[in-house]
Amino acid sequence: MTYDSIIIGAGLSGLAAGIRLAYYGKRVCILERHTTIGGLNSFYRLRGRNHDVGLHAITNYSPPGGKRGPLNKILRQLRFSWEDFDLSPQFGSSVVFPGHTLRFNNEFAYFEAEIAAQFPSQIDGFRRLVAEIDSHNIGDLGQTWISARARMAEHISDPLLINMLLCPLMFYGSPSEHDMDFNQFVIMFRSIYQEGFARPYKGVRLILKNLVKKFKSLGGELKLRAGVQQLVTDGKHVSGVVLDDGQVLEAKNVLSSAGSAETLQLCGADVPVDDRFTPGEISFVETISVLDQQPAEFGHDETIVFYNDSEDFYYEQSKNPVDVRSGIICSPNNFQYDQPLEEGSIRITALANPGYWMNLPEDEYIEAKKYWYDQILESSLRFIPDFRPHVIDVDTFTPRTIKKFTGHINGCVYGAPRKILDGTTPFDNLFLCGTDQGFLGIIGSMLSGISIANLHLLNAK
Amino acid sequence: MAPEQIRSVILDILSRIAPDEDLSDLDDSVPFREQMELDSMDFLDIVMELRKLYRVQIPEEDYGELVTMDSTVTYLTPLLKDAESTV
Ligand SMILES: Cc1cc2nc3c(=O)[nH]c(=O)nc-3n(C[C@H](O)[C@H](O)[C@H](O)COP(=O)(O)OP(=O)(O)OC[C@H]3O[C@@H](n4cnc5c(N)ncnc54)[C@H](O)[C@@H]3O)c2cc1C
């Protein structure tokens, strides 16, 4: 039997693509190496508690009844109703640099007023930048890399404001160091500042479970513990895949969410060199602290704090095991739920050095995680009340964890710096979706799966 | 199918694409795009649903005919005259 499509990876992009294909009657099979679904945004149980791997916040918030923007596009394309994602909006977040705090929530006018109040000489330029963002077409698949910093500098002369604006956007979506592609900048600007943050009460598992349920109800097949070891190709065309256990599955086309370089590696040695398929180098360490109270009880009611301790902002692969100069503090409790979450928790994320974490022997690795957990917390206490006395459980993960569970080279979270916007590869029936296609994050990756399925696998036109 | 049935078919497709939308007060003479903010991705979806349900092929140059409910029904009436309604 030959599938119409095989999808590599049961992350958000693969599942979303699978739903589109199954909905239109294709025989489709999703293959996932891990024992569970979700990829970079999965969930797990540890010492009796449910944890999310990645979820800080769902970006691109739109209230019920909304019609525009990526969230509504996804709901429509996947035939979900708004309730299926059960999103509660954030309380409010901030970007904190020395001497300045810019607050934002899901009302863009509030953020604009913050900038007007704190950077009065820059507000006209900021508004011009926003006008440029509003008119930018992210759907142009032919565009090339343009420096976001250069574009911003055409309108904003204060480097501090440029750094503050970039900080959350880079942390939540830049695969490249120091600067980002203007197209990626626009996507992130809209998704974070103009649309905003929300979270399902039950975390990402709610969304993942709804995706799988829909996929299966439409006749889609999902195989877990089914890693693809190799793609069967004749150099131009892919005819199927070989699984880790040696089984061969045939398909008319293959859609991979494994990453661009990762996917080419599956094609064997005789693949033409293509520098677009160079893996990225940005990864993170994330600490999860479970607390005996809700963060609001010790005075912390912000949803997400992006902090940086100097005017210069270094978004780069960390030279130390962890770069504690900057980071993200997320409180999953601080969203407008109908009832509080059962337990308090604080997640802190900081840039990391993948090589360091990959190469440590196992016993040193455990020790290093403990040591850097303490360093990260110590550094964050400049931006949040000391919550250490309330910590009752801890988990820390590193680039090594990310590599182990998702296969992404360097434990990269945002993939390769060069995106393959049209999803094509050197093989005529092998396509990419997910992080390395160009849309990323939870909402972005679903949109990526949908777009590439529509464009190449459904003969929509 | 008669025009009235075609209208129900389109309503059914729209309610699948946008289950949260209240379609009872849809104005048949006003563009879908304005009332429901449908974009090109959604229009392709309507085309694909019609293809899936009735095997009707709508060439790209005719997508413009699907602007309003009235124009859609007019356009589809000859194409679907022998089809059986599924709703
Ligand atoms: C710590 C962390 C925090 C994050 N926080 C947020 C957040 O708050 N908000 C947000 O929007 N986004 C967040 N993200 C980003 C978001 O999780 C990702 O952008 C998104 O999940 C990417 O989905 P994807 O489908 O493109 O890739 P992936 O999730 O990586 O899916 C690829 C899948 O393919 C599988 N796979 C790989 N190779 C093979 C193979 N050979 N055979 C079979 N299967 C294979 C992998 O196991 C994986 O499941 C976070 C990410 C991390 C790591």
Side-chain angles (χ1 to χ4, degrees), chain A residues 4 16-17 19-28 60 62-87 137-141 190 195 210 214 217-219 439 443 446-461, chain B residues 8-28 30-69 72 75-76 79-80 83-84 86-87:
Chain A
D4 289 313
I19 290 176
R20 288 294 293 171
L21 297 176
Y23 185 84
Y24 284 110
K26 303 286 183 194
R27 294 206 56 162
V28 48
N60 303 90
S62 168
K67 299 175 192 205
R68 291 156 160 232
L71 174 66
N72 290 303
K73 199 171 265 199
I74 288 167
L75 294 176
R76 285 176 174 183
Q77 288 276 310
L78 300 181
R79 310 291 191 260
F80 280 125
S81 70
W82 193 90
E83 278 71 32
D84 291 322
F85 285 11
D86 185 34
L87 295 176
N137 175 15
I138 56 170
D140 172 6
L141 302 182
R190 288 182 188 161
E195 294 165 347
N210 281 332
K214 176 137 297 185
S217 75
L218 293 165
F439 293 128
I443 295 292
M446 284 191 272
L447 196 56
S448 168
I450 292 168
S451 309
I452 298 301
N454 286 353
L455 186 62
H456 297 297
L457 306 180
L458 280 173
N459 273 324
K461 288 193 178 167
Chain B
S8 321
V9 165
I10 298 298
L11 275 183
D12 182 57
I13 291 175
L14 291 175
S15 70
R16 270 191 249 181
I17 292 178
D20 297 325
E21 193 86 27
D22 178 7
L23 295 169
S24 57
D25 54 0
L26 192 79
D27 184 332
D28 287 11
V30 176
F32 296 127
R33 194 180 283 275
E34 280 170 31
Q35 297 184 80
M36 306 175 61
E37 305 225 15
L38 297 189
D39 65 7
S40 55
M41 226 167 167
D42 300 315
F43 279 99
L44 267 179
D45 236 17
I46 298 176
V47 170
M48 286 164 62
E49 287 271 11
L50 285 166
R51 185 167 73 195
K52 171 175 148 180
L53 294 168
Y54 302 106
R55 300 177 181 277
V56 48
Q57 292 286 357
I58 302 176
E60 208 180 331
E61 57 270 23
D62 289 353
Y63 290 179
E65 306 286 341
L66 311 179
V67 174
T68 64
M69 181 61 95
T72 305
Y75 173 75
L76 289 174
L79 295 176
L80 293 178
E84 293 281 334
T86 53
V87 288

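Keep in mind that the numbers below use all heavy atoms, side chains included, and drop hydrogens, waters and symmetry copies.
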K.L.:
For the residue pair A:L71 and A:S62, what are the closest heavy atoms and their distance?
P.N.:
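Closest pair (atom of A:L71, atom of A:S62, distance): CD2-N, 3.6 Å.
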
K.L.:
Let's test your reading of the structure: which of B:L38, B:I58, B:D45 forms the most heavy-atom pairs below 4.5 Å with chain A?
P.N.:
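If we count pairs closer than 4.5 Å to chain A, B:D45 comes out on top.
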
K.L.:
What residue, out of A:E83, A:Q77, A:R20, has the most heavy-atom pairs lying under 4.5 Å from chain B?
P.N.:
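Of the candidates given, the most pairs with chain B belong to A:Q77.
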
K.L.:
Please list, chain by chain and in numerical order, all residues satisfying side chain to side chain donor-acceptor pair (under 3.5 Å) with A:R76, sequence neighbours excluded.
P.N.:
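A:R76: side chain to side chain donor-acceptor pair (under 3.5 Å) contacts with B:D42.
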
K.L.:
Identify the two heavy atoms, one from A:L78 and one from A:K214, that lie closest to each other, and give their separation to 0.1 Å.
P.N.:
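Closest pair (atom of A:L78, atom of A:K214, distance): O-CD, 3.2 Å.
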
K.L.:
Less than 4.5 Å to any heavy atom of chain A: does that hold for the side chain of B:Q57, its backbone, both, or neither?
P.N.:
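Contact with chain A: none, neither part.
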
K.L.:
Using ring pair (Phe, Tyr, Trp, His ring centres under 6.0 Å) as the criterion, list what pairs up with A:F85, not counting sequence neighbours.
P.N.:
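A:F85: ring pair (Phe, Tyr, Trp, His ring centres under 6.0 Å) contacts with A:F80.
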
